[in-house]
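Worksheet: one structure, shown below.
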Amino acid sequence: MDLIYLLLLAGLYGATHLFVLAIVRLVGKP
Amino acid sequence: MSATISFCALLALLFGLVLACVQPLGGYMARVFAAPVPSPGSAPDATAGADRPPLALRLGAPLERWLYRLCGVHPEREMDWSHYAIALLLFNACGALVVYGLQRLQFWLPLNPQHLTAVSPDSAFNTAVSFITNTNWQGYAGESTLAYLVQMAGLTVQNFLSAATGIVVAIALVRGFVRHGARALGNFWVDVTRATLYVLLPLAAVLAVALASSGVIQDLGGYRQVTTLEQATQTLPMGPVASQESIKELGTNGGGFFNANSAHPYENPNAVSDLLELFAILVIPFALTATFGRMVNDARQGWALLVAMLLLLVPLIVLAWHSELHGNPLLARQGVDQVASLAQSGGNMEGKETRFGIAASSVFAAVTTATSCGAVNSMHDSMTPLGGFVPLFLIQLGELAPGGVGTGLYTILVFAILGVFIAGLMIGRTPEYLGKKIESAEMKLASLFILTTPFLVLIGTALAVAVAAGKAGVANPGPHGFSEILYAFSSAANNNGSAFAGLSANTVFYNVATGIVMWLGRYWPIVLALALAGSLAGRKRIPVTEGTLPTHGPLFVALLIGSILLIGVLTYVPALALGPIVEHFLLSAAT
């Protein structure tokens, strides 16, 4: 069970990291 | 003393104390974040006069340098917005892993005199996300679930760090307005260290002593067995409460040591501790407006935001108090005496502590939801429909009046950008704010920022009422049950943490769903706020002309309040109509 929730945490982190990259593309490289 | 006089006296005392601290604390925070990074070769007290770093920075410089060396941080290296955001995310993700691990391993760890077993994985996940995101939503009862070590090394530590995270995002956004033609927003590690060392820790230490002096307990012994007057044996949970209580309020965290939160007599024993807690919740968010004014070199800009916050908050406090004071009309119809007198507080006292009464309970409910605190000294679920509408609506407005530590300032600044954009559309000029042109990139980011949280609230609520696992948690079917679910997702997405207590939320469905919503509701707006800061910092400053909308006067304040209310009402009224509003009409019709 722990693995599932640790993967969920990793997934949330990964999704937010990708969100940063998407916003970089949206507004241009700082 | 009449109920009205005592209510007005409480408001006057509370806001008098808070407003008296706004300029000194706000100015201090501006100096903390503007001070140069200490290096072994240059003493931080080399500068003189107004630019001289505060005494705390000069005293703490050796510790600060040591922390940077220990963590391999290069404090002189500034970051652009994307590196700042990724550092913030990594820092918070590591915090989540630590809190999760502590809960799962607590049985084998020290400071567990009650030999409490490991927290279930879904609850541990929810609590870890809850505390790193400054939400402090609690699906468990602290005194029967978490050992002292988890409360101190896990939750209290995150109370500091999550609050510091909110502050540094606000500071980075303000730097975006201040800097021009620049890429860098500062160094995340330096900012978060300073927010913790020089702002939160000293204030929390002073407040912890004050709270302990007023009767809040601070104890590391085991739970105590006492014999009651009826000769029964009762177990009294104890613990290091005052130290957690102080940062719980100052950091607008809200997670209680005990399940009853600030309604528990060990967390909030009397009127003095209650006033201290209310003050602590409000002081940093309001003071950050002065920090903003100081950093942009125009104190009037900070005052304008502060006035807008007050004009949003105070009428809603009055509405909550007025609704609770008049009690439950169904009970009135049956001849129950609900009038305030020497014998009773009067009004709707269900779910309220008699030592606080209507006024202190209503003010606390509004203040804790106008910020992102979520501590409670009464049960919001037991408020009248209109009284309960106030905390729910304050959360849904985005918690910007004055909002959480840092989150309130950066959220209202995003609305300020929206406000000047709307004004620009009306008068046909390019919008600008604080000498920066607001262009397409800024408006895209501001729009995404404003849409993210309502999306999470409404989709989360819709999902919960559509699936059996979501409906299973509802104890009060009908509009009140809908309000409980709407409140849960509003609280989670806005990182408030308070609850309409009737919902059984410690289930796998709610632990996972609210955990995801808390994470996305915290970090996606933070990423957007930092991107906005980066975009603004890169723009050149433009001169003030006759066509520039003054952003320190009543017209701007009205425009800002109008934009906030317009967005809040348009977004949430359909959902509110299915919950507290229809419940209010049903109650009225029944009488």
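Residue numbers start from 1 in every chain, and the chains themselves are labelled A, B, ... in the order their sequence lines are given, proteins ahead of strands.
- B:Trp524 touches chain A through backbone and side chain together, each having a heavy atom under 4.5 Å away.
- In summary, the aromatic rings of B:Phe188 and B:Phe91 are positioned with their centroids under 6.0 Å apart.
- Judged purely by distance below 3.5 Å, without hydrogens or angles, the side chains of B:Asp191 and B:Tyr84 pair a donor atom with an acceptor atom.
- For an aromatic pair to be called close, the ring centres must be under 6.0 Å apart, and B:Phe177 with B:Tyr433 satisfies this.
- Between chain A and the residues B:Leu445, B:Leu448, B:Val129, the most heavy-atom pairs under 4.5 angstrom are made by B:Leu445.
- Neither the backbone nor the side chain of B:Leu530 comes within contact range of chain A; no heavy atoms are under 4.5 Å apart.
- Heavy-atom pairs under 4.5 Å with chain A were tallied for B:Leu89, B:Asn92, B:Leu97, B:Ile516; the largest tally goes to B:Leu89.
- Between B:Glu442 and B:Arg539 a salt bridge is recorded (basic side-chain N to carboxylate O distance below 4.0 Å).
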